[in-house]
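Structure first, then comments.
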There are 2 protein chains.
Amino acid sequence: MERLYQHFESYIRLSKPLKSELNNRLKSKTFAKGELILDASQVCKESYFIQQGILRAYFLKDGKEVSEFFCGTNEWMNSPKSYMQQTTDIYYIDAIEETSTLSLNVNDLVFLFDNFPEMERYARLSMGSVFGHLMERIASMRFTSAKERYLNFKQIYADIYPRIPLGMVASYLGITQETLSRIRAEK
Amino acid sequence: MERLYQHFESYIRLSKPLKSELNNRLKSKTFAKGELILDASQVCKESYFIQQGILRAYFLKDGKEVSEFFCGTNEWMNSPKSYMQQTTDIYYIDAIEETSTLSLNVNDLVFLFDNFPEMERYARLSMGSVFGHLMERIASMRFTSAKERYLNFKQIYADIYPRIPLGMVASYLGITQETLSRIRAEK
DNA sequence: ATGATTTTTTGACATAGGTCAAAAATTATC
DNA sequence: GATAATTTTTGACCTATGTCAAAAAATCAT
């Protein structure tokens, strides 16, 4: 729990009452390696703050899994549109390794938004960070080679990179597994 | 002003006091075609709600302009990171055609955030929409051909497409002007 | 309108990365 | 620890898109 508090406090000051509400509402959940956490046919009801492990969001394209993003320690994983708008979306979520999380139900989040304006601020500010990453990712897709994207990924996600199967990294980078394999063979 | 109110009300209910604060703080600004509105060496102090016209955010890569995004009627234009964090960033902003805007200073925005929690909510929700667009753009960069991206752009931005020079569209799509020219010649 | 800029198109050629298929290596299971 | 399943690598070949250069067309300014 401490880590989650720290995460919040990098954006807002956590009041006692808010802390205690969070405490009441967050549930511990652990997932086994390979476990499917969200199916694309379902609406995403929970957001998972990862304490240990790696979760992956992916979708199916021509029957194949395409990895959209990975989340590691101290990050929230959910199916963004599905969670925020309570509709279905294309994303599946699974566990790349055994993963322990704190889970926040969407109804609890709504309660917090309605009663703690600082939660709205937290959400706005933390979305801002993700926003920046998305813009960088767009830029990298537009202007950098497969090799550069790979090297960049390895550097940025140094902690989780060695734990993610190659094929998943390739689809994340928008290249084929074969190409990624050749890039790695190079040097 | 009415259009801006409508825009807000698609996300939140606008109270009388908030309306009047907005009224006091928004300034009309008009830009001539081709006018540079923000230089990358400056911190972005204003966000512009476009009433008429098109603004463009771009950056320089190897001395060439690369268009990052375009904003048309009823959209906010600013240099996101620069505006929200009051740092410099890579983006320039210019006017593709004569454009009239309502301008909101960052200090006024901060005031509104601090005094009207619903402004935080508005910001969170409207960022959510942009978020969705960014994710789609990433997907399109990863998995669709130059031609598909072009056709999609033409469809989504049907209103502004014919008013934007080809070279700017090409760099937005992450392709060369020559390739775009050939795609258009095809059919 | 007329010449000067700017934008768009066309041509010839190069190459990064894709596809399909099979072998090799790694990992999981009994 | 042996066999099966999965993941990664390698090979042969192909194609979409990039690069560089120049012509054509469109737009702008006097």
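Naming: A, B, ... by sequence-line order, numbering from 1 per chain.
When rounded to the nearest whole Å, the span between CD of B/Glu65 and C1' of C/dT7 equals 13 Å. In this structure, CD of A/Gln177 is placed 18 Å from P of C/dA24, rounded to the nearest angstrom. When rounded to the nearest whole Å, the span between OH of A/Tyr150 and P of C/dA16 equals 18 Å. Residue A/Leu173 contributes atom CG, which lies 11 Å from atom P of C/dG18 at whole-angstrom precision. Atom-to-atom, CE of B/Met168 to C1' of C/dT6 comes out at 11 Å; the value is rounded to the nearest Å. Between B/Lys64 atom NZ and C/dT7 atom P there is a gap of 13 Å when expressed in whole angstrom units. B/Phe143 places its CZ atom 10 Å from the P atom of C/dG18, with the value rounded to the nearest Å. Summarising the geometry, the separation between CD on B/Glu148 and P on D/dT15 is reported as 17 Å, rounded to the nearest angstrom.
Considering only side-chain atoms of B/Ala185, the nucleotide from D/dT8, C/dT10, C/dT8 that sits closest is C/dT10.
Screening residues 34-52 of chain B for salt bridge (charged side-chain N to carboxylate O under 4.0 Å, His left out), with sequence neighbours left out, gives B/Lys27-B/Glu46. Residue pairs that meet the salt bridge (charged side-chain N to carboxylate O under 4.0 Å, His left out) test with at least one member in residues 78-91 of chain A, sequence neighbours left out, do not exist here. Sorted by first and then second residue, the side-chain hydrogen bond (donor to acceptor under 3.5 Å, both in side chains) pairs involving residues 125-134 of chain A (not counting sequence neighbours) are A/Tyr11-A/Ser129.
In this structure, the ring of A/Tyr161 has its center no less than 6.0 angstrom from the ring center of A/Tyr157. Side-chain rings of A/Phe153 and A/Tyr172 approach one another, their centers coming within less than 6.0 Å.
For the helix from C/dA1-D/dT30 to C/dC30-D/dG1, the rotation axes defined at the first and last 5 base pairs enclose an angle of 60°, given to the nearest 10°.
Ring-plane geometry between A/Trp76 and A/His7 is classed as perpendicular, the angle between the planes exceeding 60 degrees on a 0 to 90 degree scale with a lower cut at 30. By the 30° and 60° cut-offs, the orientation of the rings of B/Tyr122 relative to B/Phe8 is tilted.
Under the rule for a side chain to side chain contact (heavy atoms under 4.5 Å, CB included), the partners of A/Ala95 that lie at least two apart in sequence or sit in another chain are A/Phe31, A/Ile37, A/Leu55, A/Thr99.
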How does protein contact run along nucleotides 16-30 of chain D, one letter per nucleotide 5' to 3', with B for base contact, S for sugar-phosphate only, - for none, heavy atoms under 4.0 Å? -SSBBB------S--
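Taking the ring centre of A/Phe113 as origin, the terminal cationic atom of B/Arg124 falls inside the region bounded by 6.0 Å and 45° from the ring axis.
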